[in-house]
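Just below is one structure, and these are the notes that go with it.
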Amino acid sequence: MSKELTKRADDYSQWYNELVVKGELADHSAVRGCMVIKPYGYALWENMRDQLDKMFKETGHVNAYFPLFVPKSLFEAEEKNAEGFAKECAIVTHYRLKTDPDNKGKLIVDPEAKLEEELIIRPTSEAIIWNTYKGWIQSYRDLPLLINQWANVVRWEMRTRLFLRTAEFLWQEGHTAHATKEEAVEETVKMLDVYSTFVEEWMAVPVIKGVKTPNERFAGAEDTYCIEALMQDGKALQAGTSHFLGQNFAKAFDVKFSDKNNKLDYVWATSWGVSTRLIGALIMAHSDDEGLILPPRIAPLQVVIVPIYKGEEGKALVDAKATEIMSGLKALGIRVKYDDSDNARPGWKFAEHELKGVPVRIALGMRDLENNVVEIARRDTKEKSTVSLEGLAGHISELLDEIQANIFNRALKFRDENTREANSWEEFIRLLDEKSGFISAHWDGTPETEEKIKQESKATIRCIPLNNKQEDGKCILTGKPSSQRVLFARAY
RNA sequence: CGGGCGGUAGCGCAGCCCGGUAGCGCACACGUCUGGGGGGCGUGGGGUCGCAAGUUCGAAUCUUGUUCGCCCGACCA
């Protein structure tokens with residue numbers, strides 16, 4: 001099978017598309033815009049999901065599951081939210097098919113099976129969830145309500161790309177209800193921190209925490225917080241969002257509670273989510289022209305052992321040693337595979353595991369057995385070394401930590417080197433065209449200017465960084481006074 | 001959703017203009033020599049040419065429709 005990858009420098013988009021498919025993470029399907037997540041890609045998602053789930057539970061959340069379908073009347077209850085998603089909704093209008101009387105063997109929609117009320121396939125679940133919460137919340141004693149769900153959602157996108165933007169995707173969505181505004185805001189920020197910790201420490205992708213401008217805000221939110229990451233082509237990618245919803249949904253769905261003084265008030269809400277899009281971020285942040293580079297902490301396989309031998313007797317000797325090495329690694333909780341399939345040469349296997357981003361490869365042959373050593377190759381730097389079998393498991397364990405740190409530091413260095421300040425419109429455009437990356441610049445704070453900058457430069461305000469330095473300056477477009485810089489980039 | 005391009009064996013492609021019943025490389029199976037960076041030689045299997053109509057004695061090839069993908073644009077809370 002030809003596995004030659006397009007080089008990043010030749011065509012970054014094509015490199016990404018090929019990598020997802022050749023790395024066996026996902027495939028296109030017979031359904032427009034929908035992907036099949038293959039076992040290797042799903043194993044990666046499971047590792048991400050398991051860690052996030054653990055972190056959600058550690059912060060007091062529980063999981064539940066709400067329906068895929070949302071009755072149209074509920075969907076439209078919160079007007080801004082409904083409006084925001086209206087253009088990309090899939091709608092169920094009928095509940096039955098029948099045999100086509102004019103064409104036996106074919107099915108048609110039974111016109112008599114039209115639904116009284118259309119069902120929207122959830123693009124997000126605020127509506128159905130808040131309709132449900134209404135029945136669960138009466139008193140301050142019922143609060144806070146801290147619920148998460150793992151689910152699929154559908155957004156009818158015009159132009160799709162595997163993982164980055166698909167019509168259906170997997171995600172988690174947290175939906176919480178609180179007695180006070182302060183508590184809800186605190187929750188919003190807390191979950192943003194959970195996301196940034198997860199993305200940086202497990203996925204090794206550095207992120208910038210910030211707040212979205214009103215233009216970029218989630219429909220129905222008072223404030224949208226986000227984490228933004230920078231890809232190797234200099235484009236930004238929103239890696240997660242956390243929304244302070246105010247009382248908008250409580251009012252739309254009439255969710256009130258009695259406080260300690262028996263006074264009725266609407267509850268305060270948050271919602272937050274990350275999706276399979278994170279896998280796209282992971283790929284574009286780390287991988288190279290040889291294939292995927294996966295951070296050890298979430299890689300489906302952390303170590304692969306490739307045997308090199310001649311004849312059956314040779315293989316038996318190598319097998320025995322490999323089994324011993326594996327049990328040592330497994331005892332430390334390391335995910336390891338012994339690739340002793342006989343239908344590929346060692347060289348082919350090396351390339352294959354590099355393509356799939358396995359962090360560490362151990363090559364084990366007769367020469368190594370004689371010297372009581374193995375050859376270790378790390379995926380991130382492609383360095384090879386010969387190490388003693390003595391204390392091997394511990395050495396590998398430390399190496400995995402080192403790789404995790406190195407991948408993060410490399411991405412951080414790239415991000416920092418590609419974050420620049422622009423102090424004039426000319427400089428702004430020049431930096432965007434020549435270097436791309438994040439551009440920190442003054443903006444007069446108006447939606448009109450933001451829109452105009454977007455029209456003329458194709459760059460958007462990714463966020464106003466949290467704890468942003470306050471400094472007087474002039475808007476790069478209008479020259480009007482500004483009190484702080486905001487972060488611009490061309491984005492996915 | 002508009003414009004352009006593409007879909008022929010698991011993968012990558014040729015054949016199409018000029019209609020006559022499908023080919024190459026890799027992969028796969030078997031044998032053999034091999035094995036420390038995508039092996040060599042030999043033999044062999046596999047495709048209703050994306051799908052559906054139409055033109056024709058005959059369609060991968062011409063026409064129309066449709067579907068999936070890629071690129072550009074619009075859209076993207």
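In what follows, chains are A, B, ... by sequence order, proteins preceding strands, each numbered from 1. If you're wondering where the values come from, they're calculated on a predicted model, not measured in any experiment.
- If you measure from atom CG of A/Asp289 to atom C1' of B/G37, you get 17 Å, rounded to the nearest angstrom.
- Residue-level contact check: A/Arg161 touches neither bases nor backbone, having no heavy atom under 4.0 Å from any strand.
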Tabulate protein N/O versus nucleotide N/O from nucleotides 74-76 of chain B, keeping only pairs under 3.5 Å, one per line.
| unit_1 | atom_1 | unit_2 | atom_2 | d |
| --- | --- | --- | --- | --- |
| B/C76 | O2 | A/Arg165 | NE | 3.0 |
| B/C76 | O2 | A/Arg165 | NH1 | 3.1 |
| B/C76 | O2 | A/Arg165 | NH2 | 2.5 |

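- As a whole-Å value, the separation of A/Asp11 CG from B/C72 C1' is 13 Å.
- No donor-acceptor contact under 3.5 angstrom links the side chains of A/Thr166 and A/Glu157, judged on distance only.
- Applying the salt bridge (Lys or Arg N to Asp or Glu O under 4.0 Å) criterion to A/Arg217, with sequence neighbours excluded, gives A/Asp223.
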Quick one: side chains of residues 369-376 of chain A, donor-acceptor pairs under 3.5 Å with protein atoms, not counting sequence neighbours, listed by atom name and distance.
| unit_1 | atom_1 | unit_2 | atom_2 | d |
| --- | --- | --- | --- | --- |
| A/Asn371 | ND2 | A/Arg367 | O | 3.0 |

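- Residues that satisfy the side-chain hydrogen bond (donor to acceptor under 3.5 Å, both in side chains) test with A/Ser287, not counting sequence neighbours, are absent from this structure.
- Not a single donor-acceptor contact under 3.5 angstrom links the side-chain atoms of A/Arg345 to the base of B/G38.
- Sorted by first and then second residue, the pairs that involve residues 452-462 of chain A and meet salt bridge (charged side-chain N to carboxylate O under 4.0 Å, His left out), not counting sequence neighbours, are A/Glu228-A/Arg462.
- Contact annotation: side chain of A/Asn17 to base of B/G69, donor-acceptor pair absent below 3.5 Å.
- Summarising the geometry, the separation between NZ on A/Lys356 and P on B/G38 is reported as 20 Å, rounded to the nearest angstrom.
- Across residues 300-316 of chain A, A/Ile308, A/Tyr309, A/Lys310, A/Gly311 each have a non-hydrogen atom less than 4.0 Å from an atom of RNA chain B (numbered order).
- Every pair passing side chain to side chain donor-acceptor pair (under 3.5 Å) that includes a residue from residues 304-315 of chain A is listed here, sequence neighbours excluded: A/Tyr309-A/Asp342, A/Lys315-A/Asp319, A/Lys315-A/Asp340.
- For A/Phe488, the ring-ring contact (aromatic ring centres under 6.0 Å, His included) test picks out A/Phe428, with sequence neighbours left out.
- Residues forming a ring-ring contact (aromatic ring centres under 6.0 Å, His included) with A/Trp272 (at least two apart in sequence, or on another chain): A/Phe56, A/His61.
- Not counting sequence neighbours, the partners of A/Glu451 by the side-chain hydrogen bond (donor to acceptor under 3.5 Å, both in side chains) test are A/Gln455.
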Would you tabulate the nitrogen or oxygen pairs shorter than 3.5 Å linking the protein to nucleotides 47-54 of chain B?
none

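- At a threshold of 4.0 angstrom between heavy atoms, the contacts of A/Ala351 include nucleobase atoms, whether or not backbone atoms are also involved.
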Side-chain donor-acceptor pairs of residues 243-253 of chain A under 3.5 Å, sequence neighbours excluded:
| unit_1 | atom_1 | unit_2 | atom_2 | d |
| --- | --- | --- | --- | --- |
| A/His243 | ND1 | A/Thr224 | OG1 | 2.8 |
| A/His243 | NE2 | A/Thr241 | OG1 | 3.4 |
| A/Gln247 | NE2 | A/Asp265 | OD1 | 3.4 |
| A/Gln247 | NE2 | A/Tyr266 | O | 2.9 |
| A/Asn248 | ND2 | A/Gly220 | O | 2.9 |
| A/Asn248 | ND2 | A/Glu222 | OE2 | 3.0 |

